[in-house]
Structures are given as structure tokens and as C-alpha cells.
Number of protein chains: 2
Amino acid sequence: MIQQTARHGRERVHRTSSDPTRERIVAAAIDLFSERSFEGASTRELAARAGVAQPLLNYHFRSKDDLWRAAVDQLFAEMTQALDVRTAEVVADGDVAGAKAVIREFICFSARRPQLHRMITQESKADGPRMDYLVDRHVRPVYERTAQIMGTLVKAGAVPDIPVEHLYYIITGAGPTMFVHGPECRRLTSLDPTDDAVIQAHADAVCLLLFGPHVTTTTK
Amino acid sequence: MIQQTARHGRERVHRTSSDPTRERIVAAAIDLFSERSFEGASTRELAARAGVAQPLLNYHFRSKDDLWRAAVDQLFAEMTQALDVRTAEVVADGDVAGAKAVIREFICFSARRPQLHRMITQESKADGPRMDYLVDRHVRPVYERTAQIMGTLVKAGAVPDIPVEHLYYIITGAGPTMFVHGPECRRLTSLDPTDDAVIQAHADAVCLLLFGPHVTTTTK
DNA sequence: CAAGAGTCTGATCAATTGATAAAACAATCT
DNA sequence: AGATTGTTTTATCAATTGATCAGACTCTTG
């Protein structure tokens, strides 16, 4: 068949570089996918949350999978941007204070955007095309960089001598979990995981364990 | 209407205290729910994995929700059993070594049964009836006990001075995450998260951060 | 204004969902 | 043997799923 649905025939023209409707859909997708997982989020509810009709999703995106990828891309773009600001200062391999700042920024970002870790967790537990995309495209670079940073910290004696693989999962576990479990945390404890004081306290706690007692530097 | 589907009319007789078919279904439910989330696991695939016809699920369980609860109950029963063996020794509030053993056991259990943390994470990110069940019935008691144990450790100076709420999420994050992300971990690193040496190394790492350098006591 | 490209919606598709009904099978007891 | 109770399956239900199509709406441009 020659005819395809309007859009997908020729690739997006990308005239104004930003499409507000498309962005609203991606924003809704980030929220709903991270809450309900890929299968649990129906295209109807997705569309409703974005305030559009359901078939519009298939106009802006080839498929539900395609929308999911757009959501993941958006989240990682945000994280990369948030961390690069800090990472720029750490390029030199010895900058322990800078590395510490990056870790704090990572935790703060996780609190601001727990959706990212939720979507990673949802796909990390069983192989599949979405995990392929996630790992190959996004997670591995983050892991490589983290491993490198942590390696220099260990070498510098700033952090206990633990294999970087374990440090990676300790940091990506201990940091975001409180915020990934936000609603549960609010019920279980009396803490509000969206409160900036709580976020800073958590970053303090993780850094205290990793780096030992220090003067606390507040991030953002 | 008087007639109900065979089983649900009168409550289960529980004659032999164990029903192999029911257990196979629950086992399949634990695996599939934890992999694919509640909505993502279809009753057809559930039944296929248990090797039975699909309507049999509704014979043994009132609904899909009911089966989910049975799966959660089973997982928490296993954890309680695994931890109680250790916790029994710690009742006395000062037993630091015992508390440490409990934490190691918790990590080992998380490696053996990552499904538990997967199911918790899936429901902890948005309120709903399943989160009600999970938190009220299972998670809160675990949290209370953990908070109490960690409180005594902090008081004894065995662990850095961090509020117990944060310690809870640090432990439940840093401990299980590597195993919850098992398949991803295998791709990302060269470690096999089901390998006992890796599990012990991870427990060592977490304990090193929490308790500082010590002679390592191997658990199980 | 008319034309046409781009954006959006209502109606509808086949496929899959959780659940039910009725009937087949199995086991025990008389 | 026949009857009864408990277990399992085949066939089917209405509802929901992701996706498609044709048409309506909005723009700009001629």
C-alpha cells in the first residue's frame, strides 16, 4: 500500500523546532508510563491526560512503543543536561569535590524526576526490546561514566574500597529509592519526599555514608 | 442468586493444608507479576506459565486482584521467615552484631527473591487499592522493625548518625537494587547477580558503608 | 476568496482482556 | 456398580486494547 497515515510518510519537517502538542503528549507519557508501566498505561488515558483525542498519539508517534521511547529520551536528556553542568568541572580525574557534587546533583535530580528511575526499573527486570533500547542507548553511557568517576574516587581514597559495579548499584539504589517510592514514603514515614529539606537531608545521608563526615555543601 | 462458582460459596476447606495446583499458580503469579507488573501480566499467560487452563485461576482465586494478594502474601511470608531466624537473636536492643546479621540476611534474601522488591516498587509509586494492601498489611511492620533496629544501631554509635527514615530507604535501595535490576546488571557489568560470590560481595559493600571496616562475617 | 498542506477528531477495526457458564473429568464413599 | 463432591477444561461473554481511516478543522499562501 502506498498511502500511509499523513505524518509517517515523510519524516517530520520540524519547522519550528518545538511542537507544544507533541510536548504535552510526551509529558503525559512520562507521568503515566512511569506510574503504570508500559502495558498498564492505555493510549486512551495517555491521550486524556494530554487533553487530546486518542488517535492523535498515532499521528505524532508511529506507535505506543515509539511514544515510550520519546518519553525515555526526554527524561535522559533532562538528566544529562542537569549532570553535565556539574560533570564539566570533574573532567580532570582528580577532582574529588566535583565528583561529590555530581552525586549530590544526581540525587536531587532523582527527587525532581523520579519517573526516570521508575521507567528504568520497570524494564530492567526482564529482557525485551524496550530494555535493549534503554540500556544500549541511555543507561550504559551513564554507567560507564559513573564507574569512571567512582573509580577515581576509590583510587583517591575518598570513598571506601568497593568495586565500582557495586558502588553503581549502591548509589542508584540508595539515592533515588526514597523518591521513587514517594507516595509510599509519605504514608510510611512522616517525611515529604518532595520537600527540599528532605531531599537535601537524603543527599547528606548518602554522602555521609560514601565520603564520611565532612562539611556539607548544599546543592541547588 | 444463590449459586456461586463452585469454590467461593463456602470458604476453602483447607483439608490437606497444601494444594499443589494452587501453589504452582501462586509461584507463576510471583514470577509474572514481578516481571510484567499487575496490568502487564495477563491471566492467560499466568495460567500458561502454571501449566493450567486460564479459567482455573478464577476457580482458585476470586479475581486477578485476589491472586496478586496471594502472591504478595507468599513473598512476605518467605521474607518474614528468613529474617525471623536472625531477628530472634536481636530482640535485646543492644545486639549490634545481630542487627548486622539481619541486614546481611535481608540483602541475601533480596538477591534470592528480587520479585518482592519489584512488586513493592510497582505499587509504591501511586496510591491505589494494591498499595493500601501492601503498605498496611506488609510493608509498615517491616519498616517499623527496621526503624527500631537502625535506631538502636545509631544510638550505639555502630552506624553514622542518619535519621532512621533515610536509613530505611538507603538500605532498601542500596541492598536490593542490583538484584532487582538483575538482567540489566548482567548486561551492564560483567557480574552475575545470581552468583553467591557477587551477592556476598554486595552485602560486604553495603555493610562496609554502614558499619565501617570490620572482619566480614559470611551469611548463609 | 479558494487551494492545499498540516493538525486533529469521531467512528470503527481485529485482537486481547478478565470473567463466567456449562460441561467433562477425577476421586471418594455407599 | 451409582451418586456425590471437588477439580479442571472448552466455549463464550462484554469490555477494553492499540491502531487505522476518512473526514473535519485550522492555518498559511496564492
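Below, chain A is the first sequence line, B the second, and so on; all start at residue 1. Just so we're clear, the structure is a prediction, and the values are computed from it rather than from any experiment.
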Interatomic distance where [atom1] belongs to [X] and [atom2] belongs to [N] [whole Å]:
| X | N | atom1 | atom2 | result |
| --- | --- | --- | --- | --- |
| A:R24 | C:dC8 | CZ | C1' | 12 Å |
| B:D66 | C:dA19 | CG | C1' | 14 Å |
| A:L56 | C:dT9 | CG | P | 6 Å |
| B:F61 | C:dA19 | CZ | P | 12 Å |
| B:L57 | C:dT20 | CG | C1' | 13 Å |
| A:R62 | D:dA19 | CZ | C1' | 14 Å |

Under 3.5 Å, N/O pairs linking protein and nucleotides 12-18 of chain C:
residue : atom : partner : partner atom : Å
C:dG18  : OP1  : B:A41   : O            : 3.3
C:dG18  : OP1  : B:K64   : NZ           : 2.6
C:dG18  : OP2  : B:T43   : N            : 2.6
C:dG18  : OP2  : B:T43   : OG1          : 2.8
C:dG18  : N7   : B:R44   : NH1          : 2.5
C:dG18  : O6   : B:R44   : NH2          : 3.2

One thing to verify: whether [Y] and [X] come together as a salt bridge, which I'm taking to mean a side-chain N less than 4.0 angstrom from a carboxylate O.
| X | Y | answer |
| --- | --- | --- |
| A:R186 | A:D195 | no |
| B:E123 | B:R130 | yes |
| B:E105 | B:R112 | yes |
| B:R140 | B:D136 | yes |
| B:R137 | B:D132 | no |
| B:D204 | B:R104 | yes |

Go nucleotide by nucleotide along DNA chain D from the 5' end; which of B:G51 and A:P55 gets its closest nucleotide reached first?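 It is B:G51, whose closest nucleotide lies nearer the 5' terminus.
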
Does D:dT7 have its OP1 or OP2 closer than 4.0 Å to a side-chain nitrogen or oxygen of B:T21?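 Answer no for this pair, as no side-chain N or O of B:T21 is under 4.0 Å from OP1 or OP2.
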
So, is B:Y59 near the phosphate of D:dT8, with a side-chain N or O under 4.0 Å from OP1 or OP2?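 B:Y59 to D:dT8 OP1/OP2: no side-chain N or O under 4.0 Å.
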
In 5'-to-3' order, the base (B), backbone-only (S) or no-contact (-) status of each nucleotide in nucleotides 23-28 of chain D, using a 4.0 angstrom heavy-atom cut-off, is ------

Please check if any side-chain donor atom of B:E184 sits under 3.5 Å from a side-chain acceptor atom of A:Y169, or the reverse.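 The criterion, which ignores hydrogens and geometry beyond distance, is satisfied for A:Y169 and B:E184.
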
Is it true that B:E78 and B:Q74 share a donor-acceptor pair across their side chains at a distance under 3.5 Å?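 The criterion, which ignores hydrogens and geometry beyond distance, is satisfied for B:E78 and B:Q74.
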
Sequence neighbours left out, what passes side chain to side chain donor-acceptor pair (under 3.5 Å) with B:D66? Give chain and number order.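 Once residues adjacent in sequence are excluded, B:D66 has no partner under the side chain to side chain donor-acceptor pair (under 3.5 Å) criterion.
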
